[in-house]
Structures are given as C-alpha cells and as structure tokens.
A.B. asks: 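Structure provided below as structure tokens; questions to follow.
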Amino acid sequence: MVNITLKDGSVKQYEAGTTVMQIAEDISKGLAKNALVGRFNDRVVDLSFPVEENGTLEILTFESEQGRDAYRHTSSHVLAQAVQRLFPGTKLAIGPAIDDGFYYDFDTEVTFTPDDLAKIEAEMEKIIKEDLPLVRKEISREEAIAFFKEKGENYKVELIEDLPEDAGISVYQQGDFIDLCAGPHVPSTGKIKAFKLMSVAGAYWRGSEKNKMLQRIYGTSFAKKADLDEYLYRLEEAKKRDHRKLGQELKLFAVMDEGPGFPFFFPKGMVLRNELENYWRQIHREWRYNEIKTPIILNQELWKRSGHWNHYKENMYTTTIDEEAYAIKPMNCPGAILVYSSELHSYRDLPIRIAELGLVHRHELSGALHGLMRVRSFTQDDAHIFCLPEQITDEIKGVIDLVDSVYKMFGFPYHVELSTKPEKYMGSDEAWETATSALENALREKGMEYKINPGDGAFYGPKIDFHLQDSLGRTWQCGTIQLDFQMPEKFEISYIGEDGQKHRPVMIHRVVFGSIERFIGILTEHYAGAFPTWLAPVQVKVIPITERQLEYAQKLGEELFAEGIRVEVDERSEKVGYKIREAQMEKVPYMLVVGDKELASGAVALRTRKEGDRGTMDFDEFKKLLHEEIRQKK
RNA sequence: GCUGGUGUAGCUCAGUGGUAGAGCAGCUGAUUCGUAAUCAGCAGGUCGUCGGUUCAAAUCCGACCACCAGCUCCA
C-alpha cells in the first residue's frame, strides 16, 4: 500500500500500482471526468501513470496550466496525425503547446492553403471521434533512432541524437500514429472537445534562418465549445483595439506606401507625442537629467570608432557629403559621448545624466515592420549616465524606479528580462561578467522578478529589458537599461579622480518609453483609443443644440481655449444625437451640451465619454474638475 | 530577408473575361432638433505598379511594390 497526500491535505491509502485515473475516480466522478493529467511529487504525469510510492498527488484539469498544456499538446498530435493521413510523406518537426494554443511544424512539398486547413480540421474531428487512446512507451535510444529513421522522420532522428545521453526516450501512440514525445498527454483523442486551426505560417527548423523553412500550422483548443467561442470573440475585440486601426480612425498617425516603416504623425497624434514629451521632460528634471540634442548624420569615422560599423552596419543608412562617408545614426550613444568629452569632468560631477529625445534610423527587415511598434525611424527617449564604478548599482536602481513609476502611472503590466552576451560582441568576457552581475544585483536588490534572455544583449553590453503587451498579448520591449564598459574605452573618455589622475567612467544607456512611437502604439491599444484627459487630442467638445446657442457655445469654447484646454465647438446644424455620437466615436472625454436652459442659466449639461449624461453643472465648477483631472494625469 | 495570404472611392466592403457598384465619410440645399446616425440631391475610382495572354482584363499569367499573420531580427 502507498500513502497518497491529496491537494486538500488528506491522506489516502491505495495499492501500489493504482493509476492516477483510478485515484481520480475514487475522489469524485466529476473530477475523473475532467481529469487530464496528474501531478505526482512535482512531476506532471499521464492519468495512466501507476503510483508506486508514497507521495502527493494533484489531479489536473483544463483549469490548470499543466492541464491545458497537455490538452493542447495532445491537440497538436491529433493535428499531426490528421496531416499525415491526408498528406502521406509529410515529415514532422516539433509540435508543442503554446500560450493560447498549439502548433505543429511540417516539412512537405505540398503548400497548405486555407482550404487545406478546413480539410485537416475535418480529419481531426474524425480522429477525435475515433477516441484513440494515447499510449506511452519508453524505448531505448537505438530503438528510437532506428524506428524514426525507418519512417524517414529525419527531424525526429536529429532531435533524439541531440538529447543528453542519460535522457529517457518515450513515444506516444494513438492508433497507427506514433510520435516522439516526452509527454504527458491526455488519455485519448476523444478528450479534445473544441478546437480550431488558426493559421499557417513559415517557421525555420530550430528557429535558424540557415535551416529549411517548414510550414507551421497554428491552432487552439478548449475544454468547452463556449470557451473557444469566447476566445475567438475576444480576439475579434482585441483587433478593434489595434493601434494601426485606431491610428487611422482617430487620425493620429499612419504609415504610408511612400515610406514603409517611416511613420507620419497627424495633428491629433502630435498632441499625444507632445504631451508625452512634456511629461518626460518633467520627470527627467525631477530625476536630475540634463537634455541635449545631437545630430542625425555623423561622420562614418565616428561609427567605426564606436564599433557600430563593425557590429551594426547592415542596419545603418549611409550617405555621402562632400565625398566623405557619413552615416545616419542608429543609436544616440556616440553623440552623447562627444558631448561628455567636450569638457573635462571631475569625479565630483559624477554621475552625469544626459538625456536626449533622439531620432534614430535603422534598416529593419521589411517583414519585421509592424505599425508603430516596429519601424525604421523612431525617437528614443534616451539617456546616458556617466558614473563611477561604485555608483553603478544606485544608478541602475534609480532607473528601475523611474521606469516602474512611469509604467505604473499608465497602468501597464510589464515583465523584466535580463539579456546576456550575444554571439557578436565587443570587449572582454570579464567585463561582460562584471556588467551582467551588476545588473543582476540591482534587480535582486530591488526584489524584481525577471527572466534571463540568453544572448540577447546589445553588442556593447548586457541589458535589463522592460516588456509591455499589445492588445493581442504580444510583448514589445520598451524600457531598457544597458551597462557599457566598451564605449568609454573606445572613446577614451575620462574624469579626474581625487588623485588628480584620469580615470575611466562607466556608461549606462537607458530608455524609459523605449521609443516614443512604440510607446504611443502600446498606449493606444492599452486605452483602446480612449486616452485619459491629459493626453486626449480633443479634451472637450461643446455641442450647441440649435443655432440659438451657437454664440454661447463659442464663448465657452474661447474660454476653455484660453485656459489651454483642447476644445472643439461643433457648429454644424445637426441634431444633438448625431453630434454626440460623433464625439463619442472620437472618444472625446467631455461633451458640453448647451441648449436654451444652459444659455439662460450660464451652465453646461455635462456628458462624459464613460458615464454618459451627467446633468447640468456650473461651468466654473466643470473647469475646476477638468483642470484638476488634467493636473493629476488621471 | 523567408513562408503563406491580401491589395477595387477618404473608410468598410461587393463585383471570376464583355460599359466599375453599395454603405459611411465629403460637397450643396432643406431641417433648428435635449444626449450614439434628419431628409434630398451632387460629386468621387489610371481596380497597388509595370509587363504579358486575349477581339476584350478589376477578373487569367509573370515581375515588382506595399500591407497582414508567422519565422528570423530588434526600441
């Protein structure tokens, strides 16, 4: 007999060899029905797993992450089986569960069309109806290699060959379909209740563009049809928040054919930019930064010296001036360094924090462009901190606080990554190690949670990245803090120490918004275009009911305008409903409806974007509320 | 850059080889109205670009450009 501790803390006795499924049935019928996999002593296992020793057991359903993963992983096997039935000879690569579903990568001469997806879905339905049990088998390495070689599954063979020597190898079989897989899986294909194939796309084998491009089919699956429908509905809703769509509808910004990746900002989009920049200048003043502006075009020699020419040339635009080679800046750091070295510095002056809203240009691959999120010219809200080695941690912690306070104000959820040494890098391994652990220490001292992003650092140093989410949950790097020992060396910058000798300062590159463009993209999706009043391109719309109140409406408008409010008066001879509908669709936070009553009493009828009709209010009182809300950036 | 898809009026979209369409927006006129669309009329398109097939191309073929999804890459 073995003692099994259940999730609620109770301990039950079972005969050794009792399966997880049997225990689930013993606990409750309902649980057994919803059970997908189990967690036995922190290991996620199949329901057919026999319990041979004492331990804790949790039955996992679709409600848990591991349950969902197993469910979707099984879904991907069903997909693979369907594809191989319909397109014999298709080779299988990998097919994992992902955040919102699953995918499988295939290698075949056939190009999958959207029609094929429908056929594959139909075949998957059949496989689900057949309710084939998934059977796990552990086999030896040699057996596995021989088996998959025999089937011509060379990707699987490659995967097995790359597994560590001591790794156990398992396969899962459902009907005549056998796939290399660590598992776990749900007990049978009939467990899949609701699924949908979403799209087909290319994906390089093992993520390297040097390898063959495979065809990846994306899908998702849910425990209930209603949940799938809800997921699809939410996707549709999220698409309405797409900043590219809202940017056009609200006349904020656009990217045009004439300049792929070079965004245009319209008057209303410029209001957002300018307000953000005002805010940015205010907080940078508070955090003791000085602002500079450096040129967009600088001599190529500078870029050779900085190492950009060596490491970043493919991304740089170049030009010739008076037969001399110049480059358009892809980063602001060399310019900032020139400013730093334009005078002598004492150790007493450090840290020196110089900020720059710097317009940079980078040649990004055409396929990578994406609205404002990924462009070829953008304004970094950059700053370079020159400091003593012993000031590094405090400076980094300061930047973390600054970034955190800004993201919190907007209510952005974010996550942090520590990006380490890339393949192409500058400087010594020791310097990289020192820099990386300095960043790590700062994060630890701040008690920040972070994940390591290996090999994703800048060529001159490791970095802390702050990632924000767009409406579809895709994450974009915005803030970043990069520690750099290389540029100071390259440019031989210095400060005069207590000893009267020259010493090398450390340089920290950092951005808070990241790029103004990307940040506006995120902001637009986050607020679904309904910007808080301090950012709203139009803050107040005055709506006279008839021409009789036009003069009064204009007077109110003038008064608000004089106080710095962004106000529009809707003078058209339309019905109130029409004007309100339009103001509402433009997402104007406040509407002042004025008719004969308001004209007589000198008041306004207030309507808010969020709450609708709020009744009459004294005009001065409204102005007070409005100014206060703008001041507080609520 | 790669794989697949898409490209028709300012916007959203219909139109599969035979004279380019709708709704919204725009303009003109009427309407003066109390919280999400008043009515009527008018105007608007080298069908992404270039080339080919055909008596005839938005429609078929090719190249290129741009966009969308994903991969790769990055703020």
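In what follows, chains carry the letters A, B, and so on, assigned in the order in which the sequence lines appear, proteins first and then strands, with residues in each chain numbered from 1.
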A.B. asks: Taking the side chain of A:Y204 as its heavy atoms from C-beta onward, which of B:rC73, B:rC2, B:rG34 lies nearest to it?
C.D. replies: B:rC2

A.B. asks: Is there aromatic stacking of A:F112 against B:rG4, centre distance under 5.5 Å, plane angle under 30°?
C.D. replies: no

A.B. asks: What contact category does A:Q584 fall into here, base, sugar-phosphate, or nothing, at under 4.0 angstrom with non-hydrogen atoms?
C.D. replies: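 If one applies the 4.0 Å heavy-atom cut-off, A:Q584 turns out to touch a base.
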
A.B. asks: For the P atoms, the ones on B:rU6 and on B:rG62, what distance do you get once it is rounded to whole angstrom?
C.D. replies: 13 Å

A.B. asks: Would one find a side-chain N or O of A:R548 under 4.0 angstrom from OP1 or OP2 of B:rC33?
C.D. replies: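 Yes, such a contact exists.
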
A.B. asks: Ring centres under 6.0 Å, that's the criterion: do A:H526 and A:F410 meet it?
C.D. replies: no

A.B. asks: Closest to the A:D456 side chain: B:rC74, B:rU35, B:rG70?
C.D. replies: B:rC74

A.B. asks: In this structure, how many angstroms lie between the C1' atom of B:rC71 and the CG atom of A:D107, rounded?
C.D. replies: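 Atom CG in A:D107 sits about 15 Å away from atom C1' in B:rC71.
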
A.B. asks: Return whichever of A:G371 or A:L365 has its heavy-atom-nearest nucleotide of RNA chain B closer to the 5' end.
C.D. replies: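 Here A:L365 is the residue nearer the 5' end.
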
A.B. asks: To the side chain of A:Q482, which of B:rA75, B:rG4, B:rG34 is closest?
C.D. replies: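 Of all the options, the side chain of A:Q482 is nearest to B:rA75.
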
A.B. asks: Could you identify the nucleotide paired to B:rG34, looking across every strand shown and requiring Watson-Crick or G-U wobble geometry with both distances under 3.5 Å?
C.D. replies: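 Base partner found: none.
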
A.B. asks: Taking the same atom, C1', in B:rG10 and in B:rA30, what whole-Å distance lies between them?
C.D. replies: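 Here B:rG10 and B:rA30 have their C1' atoms 26 Å from each other.
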
A.B. asks: Could you check whether A:R609 gets within reach of a base, just the sugar-phosphate, or nothing at all, counting any heavy atom under 4.0 Å?
C.D. replies: nothing

A.B. asks: Please measure how far the C1' atom in B:rG41 lies from the corresponding atom in B:rG5, and state the result in whole Å.
C.D. replies: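 Comparing C1' positions in B:rG41 and B:rG5 gives a spacing of 41 Å.
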
A.B. asks: Between B:rU38 and B:rA75, how far apart are the two C1' atoms, rounded to whole Å?
C.D. replies: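 Roughly 49 Å separates the two C1' atoms.
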
A.B. asks: Looking for any heavy atom pair under 4.0 Å, which part of the strands does A:V576 touch: base, sugar-phosphate only, or nothing?
C.D. replies: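 Sugar-phosphate contact only - A:V576 comes under 4.0 Å of backbone atoms but never of a base.
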
A.B. asks: For A:E314, look at atom CD and say whether over 12 heavy atoms of other residues, nucleotides or ligands are found less than 6.0 Å away.
C.D. replies: yes

A.B. asks: If we take the C1' atom in both B:rA56 and B:rC24, what is their distance in whole Å?
C.D. replies: 34 Å

A.B. asks: Write down the distance between CG (A:L606) and C1' (B:rG34), rounded to a whole number of angstrom.
C.D. replies: 15 Å

A.B. asks: Does B:rU53 have a Watson-Crick or wobble mate here (both distances under 3.5 Å), and if so which one?
C.D. replies: none

A.B. asks: How many whole angstroms separate atom NE2 of A:H363 from atom P of B:rG1?
C.D. replies: 6 Å

A.B. asks: When the C1' atoms of B:rG15 and B:rA69 are compared, how many Å lie between them, rounded to an integer?
C.D. replies: 26 Å

A.B. asks: Taking atom types as modelled, is there a side-chain donor on A:E364 or A:N315 under 3.5 Å from an acceptor on the other?
C.D. replies: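 There is no such pair between these side chains.
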
A.B. asks: What nucleotide, of B:rA69, B:rC71, B:rC67, holds the atom closest to the side chain of A:L369?
C.D. replies: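 Looking only at heavy atoms from C-beta outward on A:L369, the closest nucleotide is B:rC67.
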
A.B. asks: Can a side chain N or O of A:T546 be found less than 4.0 Å away from OP1 or OP2 on B:rC33?
C.D. replies: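 Looking at the OP1 and OP2 atoms of B:rC33, neither is under 4.0 Å from any side-chain N or O of A:T546.
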
A.B. asks: On the nucleotide B:rU35, are OP1 or OP2 found under 4.0 Å from the side-chain N or O atoms that A:R614 carries?
C.D. replies: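 A:R614 to B:rU35 OP1/OP2: no side-chain N or O under 4.0 Å.
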
A.B. asks: Would you say A:Q477 places a side-chain N or O within less than 4.0 Å of OP1 or OP2 belonging to B:rA75?
C.D. replies: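 Yes, such a contact exists.
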
A.B. asks: Does a side-chain N or O of A:H370 approach OP1 or OP2 of B:rA69 to a distance below 4.0 Å, or not?
C.D. replies: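 For B:rA69, OP1/OP2 do have a side-chain N/O of A:H370 under 4.0 Å.
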
A.B. asks: Please give the nucleotide sitting opposite B:rC42 as a Watson-Crick or G-U wobble pair, both distances under 3.5 Å, or none.
C.D. replies: B:rG26

A.B. asks: Could you tell me how far B:rA58 sits from B:rU46 if I compare only their P atoms? Round to whole Å.
C.D. replies: 13 Å

A.B. asks: B:rU32 phosphate, OP1 or OP2: any side-chain N/O from A:Y578 under 4.0 angstrom?
C.D. replies: no

A.B. asks: Taking atom C1' of B:rA75 as reference, at what distance in whole Å does atom CD of A:Q380 sit?
C.D. replies: 6 Å

A.B. asks: Could you check whether A:R572 pairs with A:E582 (Lys NZ or Arg NE/NH1/NH2 to Asp/Glu carboxylate O, under 4.0 Å)?
C.D. replies: yes

A.B. asks: Take the protein atom CD of A:E109 and the nucleotide atom P of B:rG4, then report the distance between them rounded to whole Å.
C.D. replies: 12 Å

A.B. asks: Report yes if at least one side-chain N or O of A:R244 is closer than 4.0 Å to OP1 or OP2 of B:rC68; otherwise report no.
C.D. replies: yes

A.B. asks: Is it true that A:F195 and A:F102 have ring centroids separated by less than 6.0 Å?
C.D. replies: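 No, too far apart.
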
A.B. asks: Could you check which nucleotide pairs with B:rA58 in any of the strands shown, counting Watson-Crick or G-U wobble with both distances under 3.5 Å?
C.D. replies: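 None - no nucleotide pairs with B:rA58, as no candidate has both distances under 3.5 Å.
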
A.B. asks: Quick check for you: among B:rA69, B:rC74, B:rC71, whose closest atom lies nearest to any side-chain atom of A:M213?
C.D. replies: B:rC71

A.B. asks: Rounding to a whole Å, what distance do you find between A:Y460:OH and B:rC74:C1'?
C.D. replies: 12 Å

A.B. asks: Rounded to whole angstroms, how far apart are CE on A:M316 and P on B:rA75?
C.D. replies: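 Taking atom P of B:rA75 as the reference, CE of A:M316 is at 15 Å.
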
A.B. asks: Any idea which of B:rC33, B:rA75, B:rU35 is nearest the A:S573 side chain?
C.D. replies: B:rC33

A.B. asks: Now, which nucleotide makes the Watson-Crick or G-U wobble pair with B:rA9, with each of the two distances under 3.5 Å?
C.D. replies: none

A.B. asks: OP1 or OP2 of B:rA75 less than 4.0 angstrom from a side-chain nitrogen or oxygen of A:K463, does that happen here?
C.D. replies: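 For B:rA75, OP1 or OP2 has a side-chain N or O of A:K463 closer than 4.0 Å.
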
A.B. asks: Hunt down the Watson-Crick or G-U wobble partner of B:rU16, both distances under 3.5 Å, from any strand shown, or write none.
C.D. replies: none

A.B. asks: When the nearest nucleotide of RNA chain B is assigned to A:V200 and to A:E598 on a heavy-atom basis, which residue is associated with the more 5' position?
C.D. replies: A:V200

A.B. asks: Hey, is the side chain of A:R607 poking within less than 4.0 Å of OP1 or OP2 on B:rG34, counting only N and O atoms?
C.D. replies: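 The answer is no; no side-chain N or O of A:R607 sits under 4.0 Å from OP1 or OP2.
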
A.B. asks: In whole angstrom, what separates A:E547's CD from B:rG34's P?
C.D. replies: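 Those two atoms, CD and P, are 15 Å apart.
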
A.B. asks: For nucleotides B:rU59 and B:rC42, find the distance between their C1' atoms and express it as a whole number of Å.
C.D. replies: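 Nearest-Å result for B:rU59 against B:rC42 at atom C1': 31 Å.
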
A.B. asks: Report which part of the nucleic acid A:Y218 touches: base, sugar-phosphate, or nothing (heavy-atom distance under 4.0 Å, all strands).
C.D. replies: sugar-phosphate

A.B. asks: If pairing requires Watson-Crick or G-U wobble contacts with both distances under 3.5 Å, which nucleotide is the partner of B:rA69?
C.D. replies: B:rU3

A.B. asks: NZ of A:K210: more than 12 outside heavy atoms within 6.0 angstrom?
C.D. replies: no

